[in-house]
Student: 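Before we start, here is the structure in question, set down as C-alpha coordinates.
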2 protein chains.
Amino acid sequence: MSDIEFDQELTRAALPQAVLAVLSHGESHGYAIAEVLRQHGFTRIKGGTLYPLLKRLEDQRLVEHTWHHDESGPGRKQFTLTDQGRQELERSATAWRRMSQTLSEIQTTRQEQP
Amino acid sequence: MSDIEFDQELTRAALPQAVLAVLSHGESHGYAIAEVLRQHGFTRIKGGTLYPLLKRLEDQRLVEHTWHHDESGPGRKQFTLTDQGRQELERSATAWRRMSQTLSEIQTTRQEQP
DNA sequence: CACAACTAGATAGTGCCACTAACTAAGTAG
DNA sequence: CTACTTAGTTAGTGGCACTATCTAGTTGTG
(Lines give C-alpha, C1' and ligand atoms only; values in the text may rest on other atoms or scores of the structure.)
Protein backbone atom coordinates (compact mmCIF):
# COMPACT_ATOMS: atom_id res chain seq x y z
CA MET A 1 0.00 0.00 0.00
CA SER A 2 2.34 2.64 -1.20
CA ASP A 3 1.28 6.24 -1.41
CA ILE A 4 3.86 7.26 -4.01
CA GLU A 5 2.10 8.38 -7.12
CA PHE A 6 2.52 6.83 -10.53
CA ASP A 7 3.44 8.92 -13.53
CA GLN A 8 0.82 9.83 -16.06
CA GLU A 9 1.72 7.66 -19.03
CA LEU A 10 2.05 4.58 -16.88
CA THR A 11 -1.31 5.34 -15.30
CA ARG A 12 -2.85 5.75 -18.71
CA ALA A 13 -1.67 2.30 -19.75
CA ALA A 14 -2.50 0.55 -16.49
CA LEU A 15 -5.70 2.14 -15.22
CA PRO A 16 -8.26 0.27 -17.36
CA GLN A 17 -6.67 -3.03 -16.35
CA ALA A 18 -6.56 -1.93 -12.71
CA VAL A 19 -10.27 -1.15 -12.74
CA LEU A 20 -11.10 -4.49 -14.35
CA ALA A 21 -8.91 -6.18 -11.74
CA VAL A 22 -10.79 -4.47 -8.92
CA LEU A 23 -14.10 -5.58 -10.40
CA SER A 24 -12.84 -9.15 -10.78
CA HIS A 25 -13.44 -9.48 -7.02
CA GLY A 26 -17.12 -8.67 -7.42
CA GLU A 27 -19.40 -5.75 -8.18
CA SER A 28 -18.55 -2.30 -6.92
CA HIS A 29 -19.40 1.35 -7.57
CA GLY A 30 -17.20 4.18 -8.80
CA TYR A 31 -16.41 5.79 -5.51
CA ALA A 32 -15.44 2.47 -3.90
CA ILE A 33 -13.29 1.50 -6.88
CA ALA A 34 -11.44 4.79 -6.51
CA GLU A 35 -10.90 3.97 -2.84
CA VAL A 36 -9.30 0.60 -3.64
CA LEU A 37 -7.13 2.16 -6.34
CA ARG A 38 -5.97 4.81 -3.89
CA GLN A 39 -4.96 2.09 -1.44
CA HIS A 40 -2.81 0.55 -4.15
CA GLY A 41 -0.96 3.71 -5.08
CA PHE A 42 -3.19 5.42 -7.63
CA THR A 43 -3.40 8.44 -5.37
CA ARG A 44 -4.58 11.00 -7.83
CA ILE A 45 -7.44 9.31 -9.64
CA LYS A 46 -10.28 11.82 -9.60
CA GLY A 47 -13.87 11.43 -10.70
CA GLY A 48 -13.08 13.19 -13.94
CA THR A 49 -10.70 10.36 -14.80
CA LEU A 50 -12.54 7.37 -13.38
CA TYR A 51 -16.11 7.94 -14.50
CA PRO A 52 -15.32 8.55 -18.16
CA LEU A 53 -13.12 5.44 -18.04
CA LEU A 54 -15.98 3.36 -16.62
CA LYS A 55 -18.17 4.75 -19.39
CA ARG A 56 -15.66 3.63 -22.02
CA LEU A 57 -15.35 0.18 -20.46
CA GLU A 58 -19.11 -0.04 -20.62
CA ASP A 59 -19.18 1.05 -24.28
CA GLN A 60 -16.75 -1.81 -24.95
CA ARG A 61 -19.08 -4.23 -23.13
CA LEU A 62 -16.39 -5.04 -20.56
CA VAL A 63 -18.52 -3.90 -17.63
CA GLU A 64 -22.24 -3.37 -16.96
CA HIS A 65 -24.04 -1.27 -14.37
CA THR A 66 -27.23 -1.30 -12.37
CA TRP A 67 -28.48 1.58 -10.21
CA HIS A 68 -28.75 1.05 -6.47
CA HIS A 69 -30.68 3.41 -4.23
CA ASP A 70 -30.04 2.66 -0.58
CA GLU A 71 -32.10 4.13 2.23
CA SER A 72 -29.20 6.51 2.87
CA GLY A 73 -26.76 8.40 0.65
CA PRO A 74 -26.91 9.24 -3.04
CA GLY A 75 -27.66 6.56 -5.64
CA ARG A 76 -24.86 4.30 -6.84
CA LYS A 77 -23.95 2.78 -10.15
CA GLN A 78 -22.99 -0.76 -9.25
CA PHE A 79 -20.54 -2.09 -11.87
CA THR A 80 -19.92 -5.74 -12.72
CA LEU A 81 -17.45 -7.44 -15.07
CA THR A 82 -18.91 -9.10 -18.15
CA ASP A 83 -17.43 -12.32 -19.51
CA GLN A 84 -15.79 -10.21 -22.17
CA GLY A 85 -14.36 -8.01 -19.44
CA ARG A 86 -12.90 -11.04 -17.71
CA GLN A 87 -11.27 -12.12 -20.96
CA GLU A 88 -9.96 -8.64 -21.59
CA LEU A 89 -8.45 -8.52 -18.11
CA GLU A 90 -6.58 -11.72 -18.83
CA ARG A 91 -5.44 -10.55 -22.27
CA SER A 92 -4.30 -7.23 -20.87
CA ALA A 93 -2.42 -8.83 -17.96
CA THR A 94 -0.58 -11.05 -20.41
CA ALA A 95 0.29 -8.10 -22.66
CA TRP A 96 1.61 -6.25 -19.65
CA ARG A 97 3.84 -9.14 -18.61
CA ARG A 98 5.10 -9.51 -22.17
CA MET A 99 6.00 -5.83 -22.32
CA SER A 100 7.84 -5.98 -18.98
CA GLN A 101 9.76 -8.96 -20.33
CA THR A 102 10.57 -7.11 -23.56
CA LEU A 103 11.80 -4.01 -21.77
CA SER A 104 14.21 -5.90 -19.58
CA GLU A 105 15.33 -7.92 -22.60
CA ILE A 106 16.22 -4.81 -24.55
CA GLN A 107 18.21 -3.53 -21.64
CA THR A 108 20.13 -6.74 -21.00
CA THR A 109 20.56 -8.17 -24.51
CA ARG A 110 23.82 -7.42 -26.26
CA GLN A 111 23.19 -5.79 -29.60
CA GLU A 112 24.56 -7.24 -32.83
CA GLN A 113 26.41 -4.65 -34.86
CA PRO A 114 25.89 -5.10 -38.62
CA MET B 1 12.10 -11.86 -30.85
CA SER B 2 8.35 -11.92 -31.08
CA ASP B 3 6.63 -10.31 -34.01
CA ILE B 4 3.27 -9.86 -32.32
CA GLU B 5 2.48 -6.20 -32.03
CA PHE B 6 1.89 -4.34 -28.79
CA ASP B 7 -1.23 -2.31 -28.26
CA GLN B 8 -1.12 1.43 -28.46
CA GLU B 9 -1.45 2.51 -24.84
CA LEU B 10 1.18 0.05 -23.71
CA THR B 11 3.51 1.26 -26.44
CA ARG B 12 2.91 4.82 -25.40
CA ALA B 13 3.98 4.06 -21.84
CA ALA B 14 6.93 1.84 -22.74
CA LEU B 15 8.49 3.37 -25.83
CA PRO B 16 10.55 6.15 -24.24
CA GLN B 17 12.05 3.65 -21.82
CA ALA B 18 12.66 1.19 -24.66
CA VAL B 19 14.59 3.81 -26.63
CA LEU B 20 16.67 4.76 -23.60
CA ALA B 21 17.35 1.05 -23.03
CA VAL B 22 18.58 0.62 -26.60
CA LEU B 23 20.88 3.60 -26.22
CA SER B 24 22.23 2.25 -22.93
CA HIS B 25 24.28 -0.15 -25.08
CA GLY B 26 26.02 2.73 -26.85
CA GLU B 27 25.29 5.43 -29.41
CA SER B 28 22.97 4.76 -32.30
CA HIS B 29 20.89 6.60 -34.89
CA GLY B 30 17.13 6.70 -35.40
CA TYR B 31 16.85 4.16 -38.15
CA ALA B 32 19.01 1.62 -36.31
CA ILE B 33 17.08 2.15 -33.07
CA ALA B 34 13.87 1.43 -34.97
CA GLU B 35 15.47 -1.76 -36.25
CA VAL B 36 16.33 -3.00 -32.75
CA LEU B 37 12.86 -2.11 -31.50
CA ARG B 38 11.30 -4.05 -34.35
CA GLN B 39 13.38 -7.09 -33.43
CA HIS B 40 11.94 -6.89 -29.93
CA GLY B 41 8.31 -6.71 -30.98
CA PHE B 42 7.65 -3.01 -31.57
CA THR B 43 6.71 -3.83 -35.14
CA ARG B 44 4.89 -0.69 -36.05
CA ILE B 45 7.14 2.11 -34.89
CA LYS B 46 7.36 4.51 -37.82
CA GLY B 47 9.55 7.58 -38.28
CA GLY B 48 6.61 9.78 -37.39
CA THR B 49 6.57 8.21 -33.94
CA LEU B 50 10.27 7.72 -33.31
CA TYR B 51 11.78 11.00 -34.46
CA PRO B 52 9.46 13.26 -32.48
CA LEU B 53 10.12 11.02 -29.46
CA LEU B 54 13.88 11.39 -29.86
CA LYS B 55 13.33 15.13 -30.12
CA ARG B 56 11.41 15.12 -26.84
CA LEU B 57 14.05 13.02 -25.11
CA GLU B 58 16.61 15.54 -26.29
CA ASP B 59 14.53 18.46 -25.02
CA GLN B 60 14.52 16.71 -21.64
CA ARG B 61 18.33 16.38 -21.80
CA LEU B 62 18.08 12.58 -21.65
CA VAL B 63 19.89 12.10 -24.97
CA GLU B 64 22.23 14.16 -27.15
CA HIS B 65 23.03 13.93 -30.85
CA THR B 66 25.93 14.58 -33.20
CA TRP B 67 25.70 14.51 -36.99
CA HIS B 68 27.67 11.86 -38.83
CA HIS B 69 28.28 12.03 -42.56
CA ASP B 70 29.78 8.79 -43.83
CA GLU B 71 31.29 8.42 -47.27
CA SER B 72 28.11 6.58 -48.22
CA GLY B 73 24.44 6.97 -47.39
CA PRO B 74 22.53 9.95 -46.06
CA GLY B 75 23.67 11.79 -42.92
CA ARG B 76 22.86 10.33 -39.54
CA LYS B 77 21.99 11.77 -36.17
CA GLN B 78 24.00 9.68 -33.77
CA PHE B 79 22.25 9.67 -30.38
CA THR B 80 23.90 9.04 -26.98
CA LEU B 81 22.46 8.73 -23.48
CA THR B 82 23.32 11.53 -21.06
CA ASP B 83 23.92 10.83 -17.36
CA GLN B 84 20.46 12.17 -16.76
CA GLY B 85 19.16 9.76 -19.37
CA ARG B 86 20.81 6.87 -17.60
CA GLN B 87 19.18 7.93 -14.33
CA GLU B 88 15.82 8.31 -16.01
CA LEU B 89 16.10 4.83 -17.50
CA GLU B 90 16.68 3.40 -14.05
CA ARG B 91 13.84 5.43 -12.51
CA SER B 92 11.49 4.43 -15.27
CA ALA B 93 12.43 0.74 -15.07
CA THR B 94 11.69 0.82 -11.34
CA ALA B 95 8.36 2.56 -11.89
CA TRP B 96 7.44 -0.07 -14.45
CA ARG B 97 8.26 -2.93 -12.09
CA ARG B 98 6.31 -1.24 -9.31
CA MET B 99 3.28 -0.88 -11.55
CA SER B 100 3.44 -4.53 -12.62
CA GLN B 101 3.60 -5.47 -8.97
CA THR B 102 0.65 -3.23 -8.15
CA LEU B 103 -1.51 -4.64 -10.94
CA SER B 104 -1.00 -8.23 -9.90
CA GLU B 105 -1.57 -7.22 -6.26
CA ILE B 106 -4.93 -5.67 -7.08
CA GLN B 107 -5.95 -8.80 -8.89
CA THR B 108 -4.87 -11.25 -6.19
CA THR B 109 -5.55 -9.31 -2.99
CA ARG B 110 -8.83 -9.98 -1.26
CA GLN B 111 -10.77 -6.76 -0.80
CA GLU B 112 -11.97 -5.66 2.65
CA GLN B 113 -15.64 -4.82 2.66
CA PRO B 114 -16.46 -1.85 4.90
C1' DC C 1 19.79 6.78 -68.79
C1' DA C 2 15.28 6.25 -66.19
C1' DC C 3 12.87 4.37 -62.42
C1' DA C 4 12.19 1.85 -58.42
C1' DA C 5 13.60 0.59 -53.72
C1' DC C 6 16.02 1.50 -49.61
C1' DT C 7 18.12 4.47 -45.94
C1' DA C 8 17.51 8.48 -42.96
C1' DG C 9 15.03 12.09 -41.09
C1' DA C 10 11.08 15.46 -40.65
C1' DT C 11 6.24 17.45 -40.33
C1' DA C 12 1.02 18.17 -40.31
C1' DG C 13 -3.22 16.35 -38.81
C1' DT C 14 -6.19 13.14 -36.05
C1' DG C 15 -7.89 10.71 -32.11
C1' DC C 16 -7.48 8.93 -27.55
C1' DC C 17 -7.34 9.82 -22.81
C1' DA C 18 -5.40 11.56 -18.04
C1' DC C 19 -5.87 15.62 -15.92
C1' DT C 20 -8.05 19.92 -13.96
C1' DA C 21 -11.86 22.36 -12.49
C1' DA C 22 -16.38 23.06 -11.79
C1' DC C 23 -20.92 21.36 -11.41
C1' DT C 24 -25.44 18.73 -9.42
C1' DA C 25 -27.42 16.40 -5.56
C1' DA C 26 -28.20 13.91 -1.32
C1' DG C 27 -26.95 13.02 3.35
C1' DT C 28 -24.28 14.22 7.76
C1' DA C 29 -21.71 17.04 11.33
C1' DG C 30 -20.89 21.45 13.56
C1' DC D 1 -27.36 27.56 8.15
C1' DT D 2 -22.84 26.19 6.69
C1' DA D 3 -19.39 22.87 5.67
C1' DC D 4 -18.06 18.47 4.60
C1' DT D 5 -18.54 13.76 2.62
C1' DT D 6 -20.41 10.57 -0.77
C1' DA D 7 -21.54 9.85 -5.66
C1' DG D 8 -21.54 10.90 -10.25
C1' DT D 9 -21.07 14.21 -14.42
C1' DT D 10 -19.21 17.49 -17.84
C1' DA D 11 -16.13 20.85 -20.47
C1' DG D 12 -11.70 22.05 -21.75
C1' DT D 13 -6.55 21.27 -22.23
C1' DG D 14 -2.32 18.98 -23.38
C1' DG D 15 0.64 15.05 -24.49
C1' DC D 16 1.61 11.63 -27.66
C1' DA D 17 1.09 7.32 -30.88
C1' DC D 18 -0.45 6.97 -35.24
C1' DT D 19 -1.12 7.95 -40.33
C1' DA D 20 0.30 9.98 -44.31
C1' DT D 21 3.28 12.62 -46.85
C1' DC D 22 7.55 15.03 -47.77
C1' DT D 23 12.81 15.76 -48.74
C1' DA D 24 17.19 13.79 -50.07
C1' DG D 25 20.91 10.73 -50.83
C1' DT D 26 22.19 5.80 -52.32
C1' DT D 27 21.79 1.42 -54.66
C1' DG D 28 19.90 -1.83 -58.02
C1' DT D 29 17.75 -3.12 -62.45
C1' DG D 30 16.30 -3.06 -67.20
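The model shown is predicted, which means the values in this text are computed figures rather than measured ones. Naming convention: chains lettered A, B, ... in sequence-line order (proteins, then strands); numbering from 1 in each chain.
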Student: Starting at CZ of A/Arg76 and ending at C1' of D/dG8, how long is that distance when rounded to a whole Å?
Tutor: 12 Å
Student: Checking only heavy atoms, does the side chain of B/Arg12 share a donor-acceptor pair with the base of D/dG15 at less than 3.5 Å?
Tutor: yes
Student: Is any side-chain heavy atom of A/Leu89 less than 4.5 Å from a side-chain heavy atom of A/Arg86?
Tutor: no
Student: Looking only at the side chain of B/Thr49 (C-beta and beyond, no hydrogens), which of the listed nucleotides C/dC16, C/dG9, D/dC18 gets closest?
Tutor: D/dC18
Student: Starting at atom CD of A/Gln8, determine the distance to atom P of D/dA17, rounded to an integer number of angstrom.
Tutor: 12 Å
Student: Please tell me which of the listed nucleotides, D/dG8, C/dG9, D/dA17, lies nearest to the side chain of B/Trp67?
Tutor: C/dG9
Student: Students often get this wrong, so: under 4.0 angstrom with heavy atoms, is B/Lys77 touching a base, only sugar-phosphate, or nothing?
Tutor: sugar-phosphate
Student: How about CG on A/Asp59, more than 12 heavy atoms from neighbouring residues, nucleotides or ligands closer than 6.0 Å, or not?
Tutor: yes
Student: Using OP1 and OP2 only, check whether a side-chain N or O of A/Tyr51 sits under 4.0 Å from D/dG8.
Tutor: yes
Student: Find out whether B/Ile33 and B/Leu54 are in side-chain contact, i.e. whether some heavy atom of one side chain is under 4.5 Å from a heavy atom of the other.
Tutor: yes
Student: What is the distance, rounded to the nearest whole Å, between atom CZ of B/Arg56 and atom P of C/dT11?
Tutor: 13 Å
Student: CZ of A/Arg91: more than 12 outside heavy atoms within 6.0 angstrom?
Tutor: yes
Student: Checking side chain to side chain contact (heavy atoms under 4.5 Å, CB included) between A/Thr82 and each of A/Glu88, A/Glu64, A/Gln60, A/Gln87, which is the one that passes?
Tutor: A/Glu64
Student: Expressed in angstrom and rounded to an integer, what is the separation of B/Leu15 atom CG from D/dA17 atom C1'?
Tutor: 9 Å
Student: Classify B/Ile45 by what it touches in the nucleic acid, base, sugar-phosphate, or nothing, heavy-atom distance under 4.0 Å.
Tutor: sugar-phosphate
Student: Just how far, in rounded Å, is P of D/dA17 from CG of B/Leu54?
Tutor: 11 Å
Student: Using atom NE2 of A/His29 as one end and atom P of D/dT6 as the other, report the distance to the nearest whole Å.
Tutor: 10 Å
Student: Which comes earlier along DNA chain D counting from the 5' end, the contact point of A/Gly48 or that of B/Gln60, where each point is its nearest nucleotide?
Tutor: A/Gly48
Student: Considering only side-chain heavy atoms of A/Arg44, which listed nucleotide, C/dT20, D/dT10, D/dC18, is closest?
Tutor: C/dT20
Student: In whole angstroms, how far is the P atom of C/dT7 from the CD1 atom of B/Ile33?
Tutor: 16 Å
Student: Heavy atoms under 4.0 Å, any strand shown: does A/Gly30 hit a base, just sugar-phosphate, or nothing?
Tutor: sugar-phosphate
Student: Consider the side chain of A/Thr11, meaning its heavy atoms from C-beta on, and name the nucleotide among D/dT10, D/dA17, C/dA18 that approaches it most closely.
Tutor: C/dA18
Student: Rounded to the nearest angstrom, tell me the gap between atom CD in B/Glu58 and atom P in D/dC16.
Tutor: 15 Å
